[in-house]
Every structure is written in C-alpha cells, then in structure tokens.
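Labels below follow one simple rule: chain letters A, B, ... track the order of the sequence lines, proteins then strands, and each chain is numbered from 1.
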Amino acid sequence: MEELKNYWAQKLLASLESYAENTGIDDFSVNSLQLILETPPKPELGDIAVPLFFAAKIFKKSPAVIAGELKKYLEKGNEKAVISVSGPYINIKVDITETAARVLKKISSEGNRFGNTGSLKNRKIMVEFSCPNTNKPLHLGHLRNDSIGESVSRILAANGADVRKVNLINDRGIHICKSMLAYKKFGAGTTPESEGMKSDHFVGKYYVRYNEWSKEYPEAENEARAMLRAWEAGDPEVTALWQRMNRWTIDGIKQTYANTGIQFDAFYFESETYKTGKAEIMKGLERGVFYQEKDGSVWADLTEINLDKKVLLRSDGTSLYLTQDIGTAIARHNDWPFEKLIYVVGSEQQYHFQVLFYILKKLGFEWANDLFHLSYGMVNLPDGKMKSREGTVVDGDDLFAGLKKMAFAEIAEKERTEKVGDVEKTTGAVALAALNYYLLQVSPGKDMIFNPKESISFNGNTGPYLQYMGARISSMLRKFDRERASFSDAEVDYTMLSTDIERELVKKCAVYPEVVRNAGNELNPQFITGYLYELSKLFSRYYHDVQILSDTDKNRALTRIELVKSILQVLKNAYYLVGIPFLERM
RNA sequence: GCGCCUGUAGCUCAGCUGGAUAGAGCGCCGGACUUCGAAUCCGUAGGUCGCAGGUUCGAAUCCUGCCAGGCGUACCA
C-alpha cells in the first residue's frame, strides 16, 4: 500500500510539473511534505486521495479548479486507474488486480514474517516490565503491565529490533519486611503446602495481616524497619526467612506468567542491584553531585530543574527505591549496552522516572538520554476503584480463573465441548484473548475500566470475537481440503477479485506492515488491536455474504480461497503481537 | 499550592504528524439461519467533540484561559 502511494506521489509530481509549465508558472517547486496522499473517507471514492489545498497559492486558483485541470495530466499514461475529482480532492482508484496478485503472493511466501519491517533493524532495545514485589501476588494492574510489556516487545521485534525483555524483582525493602514480620509473628510454621494455597497468595495473606496488625500496634513500623536494617546487615535468620518467602512468591508468580503467556530474557533482583546503587551514590557524594545532611542522609538537589530535593539514602544508611533503580540501570547497561531502555511502569511513577533519569545524567552516564518511561494508566473495575489498602484489589489469578469459567459456560451452552477437543486448553486460550485484547484496546496512557463480562463476550469488539474469525476461516479451509479433488483443474486468477469488499480486504492486508511499523514507533499495541478488529469485521461480512466454496466458477472459488488464506495469515501474525492465541476450533 | 495526565453518543473506547457529512462496540429498537460454524451479519435512533477565546482557507486535533476528574508532590514502592 505504501509503495502504491509512493508510486502515485511520483506520478503526481510529474503531472504538477507539466501543469505548471503549461500554465506559465516559472518558480514551481513542490516538496514531498506538501504533497500528502491520504485515504478517502469512503471506499467508493477511491483508494488514494490527494488534497490540493497547498497548490492554491502556487497556481493562484482554487483547489477545486486545480483538481479539475490536473486530472487530465494525471490520466495520461495511467489508463488502468480511475481518476476522479471531488471538490478540492483528486481521488485515485487503482487497478486492484495487480495489487492483489502482489500482496497475496507476498503473504503466502513470507508466512508468519509478513508484516515484519526493518524500521528498527538491529536496534538493541531493552524492555522492562512486570516488576512484581515479593510480598503479594499479581493484581489486575500487573496484568495490564504484562500485556503492554509483552506486546510492545513483540511489536518492536517485528520491526527488526533486537529486544531483551527484563523483569526486575522487587525483593527487598520495607514492604517485603512487613510480610516477613507478620509471617514470623502469626505464621506458626505453616507453609503454602500445609495450607493448600498457591504460594504467592500464601505470602500475600501475611502482607494483609501486617496492615491489619499495624493499625492496632503502632510499634509495628519500627519493628519492620529494624528488620530491614538486619536484612541489609546480612543477619542469617532474617536472610533465611527472606529467601524462603521470596521463593514462595516468585514460584507462584511464575505460574501466573506461564498461564498468561508472559516470558522474560533476564531477571534482575533488587536485592543484588541495590548495592551498586549505594556505591554509585557514595561516588557521586564524593564528587559533589549529591550532598549529605547532618543526620547522615544523602540527597540530590533537583531544584535546578524545578523539581524537589530527593533522598537517596536514609539516615540509617539503608537504601530506597530510587537508590536501587540507579544501581539496576547501571548494571543493565553494563550487561547489555542497550540503545534504548523502555520502562513499562504505571503513570503514578512519572515523577520518579524524571528524577531517576536526571540523576543518572548528573552522574555522567550519557546513555541516560536513551531511557524512556512508557507509562500506563490505572485499571479499575466497573463497580469501583481498586485500592490495596481497602482490600478491593482484583487478584490476577482470580480474574483469569473467572474468565475461564465464563468461557467454559459459553462453550458448554453452545454444546461444543466435544468439538473443541481440549476444553481446558481452549477455555484458557479464550480467556487470554479476552484479557489481552481488552487491555490492549485502550491506549496505554489512559486510565481504563476493565469489564470482565464484556471482555469475554463472544460478540462485539472483543478478543474472542477475533479468535472466532480465525476459527471460522480454519473451518472453511478444512472443508476446502476435503473437497480439494473438485478443484484439480482450477487456476488462480486475480482478476476474479473484483467486488468492493474483496478490494477492501486486499487493501487491508496490504496495509498491515505499515500498521506494525506505526505501532512500533508509537509503542502502542492499540494500533494492532484496532487493525485486527477492522480486518475481522470486513472478513465476517465477506464470508456471510459470499458463498465461496460452492461457487460454480471453480477458478473464482480457488482465487477467493487464496484471499481467505492470506487473511488468516495476517490475522495470526497480528494475534501474536497482542497475545491472542490462535484456535483452529473454539 | 505546584507538576503531569485525562475530558468525544446512556456506558466502554477509536479518531495517525490539523483536512471531505466525527467513528466503533455494548445497550435500545427492527430485520436475516434448508447455506463454509447465527459465538454471526444487516439496518434505525443517539454527539453544542468539558466551556470560552485564539491561530488557520480549514481545528476533536495546535496555542491560551477557565471548569471537572485522576495521579504525583514520603527517610513507601
């Protein structure tokens, strides 16, 4: 589609030049910025639209007049295309046969690589996402984070980037000590096994317990702080407890990742990187980048960029979130010198990242300019806000299980449990499609409301609906295979793809690589979800209105099957980028 | 108070670097199964694009002010 536009841009420039010559304009010059080729608002108008407002000044005529006169020039040598004028626009309807042949052949030969671009070829991009705390299981907010992180990574890779997905396990700090302390006080030696609980949920129980307890017992905070000091000092008993409980949480969280199709290339642990951070801050202090208060705390003065003063080390010498993030960034760049590092982190931490990036710059790391905070908004349920303090957080595992249950109910109601094969696997795949699509349908920056019931619905703009299109095509292709013998004499003939809807479908397929590239440039999976819906919608209308296999014209049927196969390929490629599992049957 | 973000149909969301009558889904109402899976498709109704100015041939889109909401402004993460 893009080549097509470039091709016509050249034609237009040539036409404009001869038009200028014949109308006596000497100082004619048009650059490619002025000449913008668009897509008409309605397909009947054509495939390419050329607004001619810019030409009004050059030719001193109204755009509509120019359009009318320019038409003749453009038609010369381009007889296959239909050029029409509509007010200030010239619309071009291209010869679709040629495009269809080219695009469908390309899709068939490139297969699952179709849509990949080289726009970020070999760029080393690190993506940090998920970053759970080891004191509780993942909640709905993490699920959005994971969806975005995984999807953005796949999109970047599809654009040729060398992507490294990293997870920073937040396994140290005062909040970790809180669940440890509660377990020590109230755990009575129980384990996830003994209680029959998923291990991360088991730990989370004690984090909640701490918060209840600390309300009645004001000393709790001090005890937690003392535990943090003991931990940083390497106290053996505290360390042992810490290791035990971290294992529980991490094991449980990894199970959730496995269920939701999230994977990483490397794990970092704050318990390891915070020391680097501390050391760098001490170095910075010596060099006078930071300053120390009388109580021993170390600070960065950011008033020069209109930010506040920030603490980097507490008066008792223990480190903070910022401290370890400094260490983590440095450790990462040493391990794998990235050209860009994308932090997928909630928008509530914008200020934190502004500070972090600035401090790294002050410390003299030039790559600090390559850091980017991809921030996303909060997720709430229809019935209200998620607040961890009020215990209204939506647990990720529970939510996912609920989606699976709804998917199963739907399959059972349609009496398809037999036809589907592995029911457990299918319900999981449908649940995942529902979850990822719903989460990625909204641009990352915005807050959103997650409606589980709506997400799993099989009709409307949902993941399962898209999945259904893939399954329907698969079903059709199975039937085609069964009837293959009757097509033995048939030949593919692209001139057969002549209806308006086929034209639309061909163009939609053709534009896919551009969509992938835009999604990569904008770091926005929403481009892909939006595209998927448009393609699916077009296709569902097509197969509903057109009987393909029973066509008496076998050549036409065979050609249409080629188109349908291509659509399935594009769907699959796009599914992958937004975490929708492909199902042959559902 | 200050900083960042958001405000588009009853609800949930699109609308790319300003361009042709502002689009989907859900919900509402009304149609379409002897057909490749009706888990679908088609149609009707519904919008002062938060408000007011400004820039422009042209603004939902850019600028300014105001209003409303969210988030941040911790020796929490």
Could you check how far [atom1] of [X] sits from [atom2] of [N], rounded to whole Å?
X: A/Tyr438; N: B/A24; atom1: OH; atom2: C1'; answer: 13 Å
X: A/Lys446; N: B/C13; atom1: NZ; atom2: C1'; answer: 7 Å
X: A/Phe450; N: B/C13; atom1: CZ; atom2: C1'; answer: 14 Å

Check the interface with nucleotides 42-46 of chain B: list each N/O to N/O pair with the protein under 3.5 Å, or write none.
unit_1: B/C42; atom_1: OP2; unit_2: A/Lys537; atom_2: NZ; d: 3.4

With sugar-phosphate meaning primed atoms plus P, OP1 and OP2, does [X] contact a base, only sugar-phosphate, or nothing at under 4.0 Å between heavy atoms?
X: A/Gln349; answer: base
X: A/Gln547; answer: base
X: A/Arg225; answer: sugar-phosphate
X: A/Tyr376; answer: nothing
X: A/Ile174; answer: sugar-phosphate
X: A/Arg478; answer: nothing
X: A/Asn459; answer: sugar-phosphate
X: A/Pro40; answer: base
X: A/Ala56; answer: nothing
X: A/Met586; answer: base
X: A/Leu549; answer: base
X: A/Asn521; answer: nothing
X: A/Ser86; answer: base
X: A/Asn518; answer: nothing

Closer than 4.0 Å, any side-chain N/O of [X] to the OP1 or OP2 of [N]?
X: A/Ser475; N: B/G37; value: yes
X: A/Lys310; N: B/A74; value: no
X: A/Lys479; N: B/G37; value: no
X: A/Ser375; N: B/C4; value: no
X: A/Arg472; N: B/A38; value: yes
X: A/Tyr465; N: B/C41; value: yes

- Task: Let me know, please, whether A/Ser319 or A/Gln350 comes out on the 5' side of the other along RNA chain B by nearest nucleotide.
- Result: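 Result: A/Gln350.
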
- Task: Between A/Pro41 and A/Val420, name the one whose nearest nucleotide on RNA chain B is closer to the 5' end.
- Result: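 Going by which nucleotide is closer to the 5' end, it is A/Pro41.
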
Listed once per pair and sorted, the salt bridge (Lys or Arg N to Asp or Glu O under 4.0 Å) pairs that draw on [range], sequence neighbours left out:
range: residues 524-548 of chain A; answer: A/Lys508-A/Glu534
range: residues 447-472 of chain A; answer: none
range: residues 310-319 of chain A; answer: A/Arg229-A/Asp316

- Message: Near RNA chain B, counting only heavy atoms under 4.0 Å, which residues of residues 528-536 of chain A show up?
- Response: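 When residues 528-536 of chain A is checked for heavy atoms under 4.0 Å from RNA chain B, the hits, listed by number, are A/Tyr533.
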
Ion pair present between [X] and [Y], side-chain N to carboxylate O less than 4.0 angstrom?
X: A/Asp47; Y: A/Lys93; value: no
X: A/Glu584; Y: A/Arg478; value: yes
X: A/Arg484; Y: A/Asp481; value: yes

- Pair of N/O donor and acceptor under 3.5 Å linking B/A77 base with A/Asp325 side chain: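 Side chain to base: no pair present.
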
The criterion is side-chain contact (heavy atoms from CB on, under 4.5 Å); which residues satisfy it with [X], sequence neighbours excluded?
X: A/Asn555; value: A/Ala490, A/Glu491, A/Met496, A/Asp553
X: A/Gln292; value: A/Leu285, A/Val298
X: A/Glu502; value: A/Leu497, A/Thr499, A/Tyr542, A/Arg560, A/Leu563

- A/Tyr268: partners by ring pair (Phe, Tyr, Trp, His ring centres under 6.0 Å), with sequence neighbours left out: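 Ring pair (Phe, Tyr, Trp, His ring centres under 6.0 Å) check on A/Tyr268 returns nothing, list empty.
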
- Task: Apply ring pair (Phe, Tyr, Trp, His ring centres under 6.0 Å) to A/His352 and list each qualifying residue two or more places apart in sequence or on a separate chain.
- Result: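 Checked A/His352 against ring pair (Phe, Tyr, Trp, His ring centres under 6.0 Å); matches are A/Tyr321.
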
- Is the closest side-chain heavy-atom distance between A/Phe372 and A/Phe353 below 4.5 Å?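 Heavy-atom side-chain distance check fails, nothing below 4.5 Å.
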
- Message: The side chain of A/Asp308 is closest to which nucleotide in this list: B/A39, B/A77, B/U73?
- Response: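 Among B/A39, B/A77, B/U73, the one nearest the side chain of A/Asp308 is B/U73.
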
- Among the nucleotides B/U12, B/A77, B/U40, which one has an atom lying closest to any side-chain atom of A/Tyr321?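 Minimum distance to the A/Tyr321 side chain belongs to B/A77.
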
- Message: Under 3.5 Å for both pairing distances: what stems, at least three Watson-Crick or G-U pairs long, include RNA chain B?
- Response: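 In RNA chain B, stems of three or more pairs: B:1-7 with B:67-73, B:10-13 with B:23-26, B:29-32 with B:40-43, B:50-54 with B:62-66.
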
- Residues forming a side chain to side chain donor-acceptor pair (under 3.5 Å) with A/Ser130, sequence neighbours excluded: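 Expected list: A/Asp146, A/Tyr257.
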
